[in-house]
Amino acid sequence: MPELPEVETVRRGLQPVFEGARIARLHLARPDLRFPFPERFSERLEGRVVTSLSRRAKYLLAEIADGPILAMHLGMSGSFRIEANGAGTVPGSFVHPRSEARLHDHVRFELARPDGSAAAIVFNDPRRFGYMSLIEPGDFGAHPHFRDLGIEPTGNGLSGEALAPLFAGKAVPLKAALLDQRLIAGLGNIYVCEALWRAKLSPRRAAGSLVRRNGAPTPRLSVLADHIRETIADAILAGGSTLRDHRQATGELGYFQHSFNVYGREGQPCRRAECGGTVSRIVQSGRSTFFCASCQR
DNA sequence: AGAAGGCCCTGACCGC
DNA sequence: TGCGGTCAGGGCCTTC
């Protein structure tokens with residue numbers, strides 16, 4: 001599921017269950033996901049209280065009172081589900097009843113909530129591209145996963161002025177530049193394709209072509225920045241995209257996939273009324289790019 | 001230094 | 001129905 005809007009949607013689903021809860025018990029079904037779990041992972045978290053659940057790029061960050069930050073990445077196929085006994089004990093209308101472990105359940109957080117109720121948060125990840133790590137708060141900025149991350153594509157930080165120095169002189173295709181987490185953090189394949197379509201920009205164009213020789217952003221770069229922010233904001237409002245049968249932590253489905261203009265639409269007509277072009281699929285740095293060669297220049 | 005490609009892993013889907 | 005090939009939302013590591 002996991003580009004920024006999906007991770008943000010997961011965060012919003014988990015936040016009311018995680019925040020304020022004590023991790024009564026933490027069960028690992030295996031010693032590793034993509035990477036081994038940190039040393040004494042369960043021991044360092046059990047008995048501690050989660051004070052907040054935030055997000056940076058595609059990472060979920062659980063802050064632990066007097067403890068480390070728990071960083072969680074969903075990889076390609078990671079998902080969380082919330083289990084609770086009894087209706088009304090946990091917010092969210094699609095909370096699962098307690099059940100037997102399912103295939104590919106790897107981590108189970110047993111939580112004691114402030115109101116005295118119990119709940120569990122289960123991490124399931126068939127492909128095991130996800131991972132979890134523990135970071136001491138003072139080390140966060142220097143941590144390899146976070147120190148090189150670029151601009152968050154939410155809020156006003158993403159602008160033509162901010163992108164110009166990052167794109168200046170770069171011959172890499174726009175598609176690759178937008179996927180580079182060191183420049184903009186949180187975009188993935190789907191939303192890059194969608195934002196480029198909205199901005200009428202070709203994914204093959206050199207990133208540096210949107211920067212003036214004096215280093216100033218061209219108008220088109222500013223338009224692109226606007227469209228990236230809007231695409232991400234629209235997707236978050238829609239609860240992210242649900243491909244195949246992925247669901248939010250609360251069990252609800254995202255529905256931004258119904259708003260795709262190019263992603264997965266190879267061979268179909270361009271959605272821009274006046275265009276008349278056809279969506280094509282090419283491969284860039286090993287991944288599919290969907291775009292309309294007629295109106296994206 | 002920066003960029004391209006391989007690779008980690010499972011599951012779904014397609015064509016034969 | 002079964003089998004092999006292909007592809008998938010990410011990002012680290014190696015190679016060039």
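In the text below, chain A, chain B and the rest are named by the order of the sequence lines, each starting its count at 1. In what follows, every heavy atom counts, from backbone to side chain, and hydrogens, waters and symmetry copies are set aside.
Atom CG in A:Leu183 sits roughly 13 Å away from atom P in C:dG11 (whole-Å rounding). The distance between atom CG of A:Leu74 and atom P of C:dG9, rounded to the nearest whole Å, is 15 Å. Atom CG in A:Leu179 sits roughly 13 Å away from atom P in C:dC12 (whole-Å rounding). Here C:dC7 presents its C1' atom at 12 Å from CD of A:Glu266, a figure rounded to the nearest Å. The interatomic distance linking A:Arg34 (CZ) with B:dT10 (C1') rounds to 15 Å, in whole Å. At whole-Å resolution of the value, CG in A:Leu187 and C1' in C:dG11 are 14 Å apart. Atoms CZ (A:Phe256) and P (C:dG9) sit 16 Å apart, rounded to a whole Å. The interatomic distance linking A:Ile190 (CD1) with C:dC7 (P) rounds to 17 Å, in whole Å.
Ion pairing of A:Arg56 with A:Glu152 is present here, as a side-chain N (NZ or NE/NH1/NH2) and a carboxylate O approach within less than 4.0 Å. A salt bridge does not link A:Arg108 with A:Asp105: none of the charged nitrogens is closer than 4.0 Å to a carboxylate oxygen. Between A:Glu100 and A:Arg102, no side-chain nitrogen of the basic residue sits less than 4.0 Å from a carboxylate oxygen of the acidic one, so the salt-bridge criterion is not met.
Taking the side chain of A:Met76 as heavy atoms from C-beta on, and the options C:dG9, B:dC9, B:dT10, the nearest nucleotide is C:dG9. When distances run from any side-chain atom of A:Lys58 to the nucleotides C:dG11, B:dT10, C:dG9, the shortest one goes to C:dG11. Nearest nucleotide to the side chain of A:Val172, out of C:dG9, B:dC9, B:dA3: B:dA3. Taking the side chain of A:Asn189 as heavy atoms from C-beta on, and the options B:dT10, C:dC12, C:dG9, the nearest nucleotide is C:dG9. The side chain of A:Ser288 approaches C:dC7 more closely than any other nucleotide in the set B:dC9, C:dC7, C:dG11. The nucleotide whose nearest atom lies closest to any side-chain atom of A:Phe35 is, among C:dC12, C:dG11, B:dC9, C:dC12.
Residue contacts for A:Gly286: at a heavy-atom cut-off of 4.0 Å it reaches no nucleic acid atom on any strand shown. Backbone-only engagement by A:Leu103 is indicated by non-hydrogen atom pairs under 4.0 Å involving sugar-phosphate atoms exclusively.
Judged by distance alone, the side chains of A:Ser99 and A:Glu83 do bring a donor and an acceptor atom under 3.5 Å apart.
Residue A:Tyr131 places none of its side-chain N or O atoms closer than 4.0 Å to OP1 or OP2 of B:dC8. Note on A:Lys170: every side-chain N or O is 4.0 Å or more away from OP1 and OP2 of B:dG2. Using a 4.0 Å cut-off, some side-chain N or O of A:Arg281 falls inside it from OP1 or OP2 of C:dA8. Side-chain nitrogen and oxygen atoms of A:His104 include none within less than 4.0 Å of the OP1 or OP2 phosphate oxygen of B:dC9.
Under a 3.5 Å cut-off, the side chain of A:His145 and the backbone N or O of A:His143 do not form any donor-acceptor pair.
Consecutive Watson-Crick or G-U pairs involving DNA chain C, each under 3.5 Å on both distances, make up stems of three or more pairs at B:2-8 with C:10-16, B:10-16 with C:2-8.
For A:Phe260 and A:Phe290, the ring centers sit 6.0 Å or farther from each other. Aromatic pair A:Phe109/A:His27: ring centres not closer than 6.0 Å.
Test A:Thr289, A:Ile228, A:Leu224 against A:Leu196 for side-chain contact (heavy atoms from CB on, under 4.5 Å) and you get one pass: A:Leu224.
Taking the P atoms as reference points, C:dT14 lies 16 Å from B:dC9, given to the whole Å. Rounded to whole Å, the P atom of C:dG11 lies 23 Å from the corresponding atom of B:dA12.
Between the base of B:dC9 and the side chain of A:Arg128 there is no donor-acceptor pair shorter than 3.5 Å.
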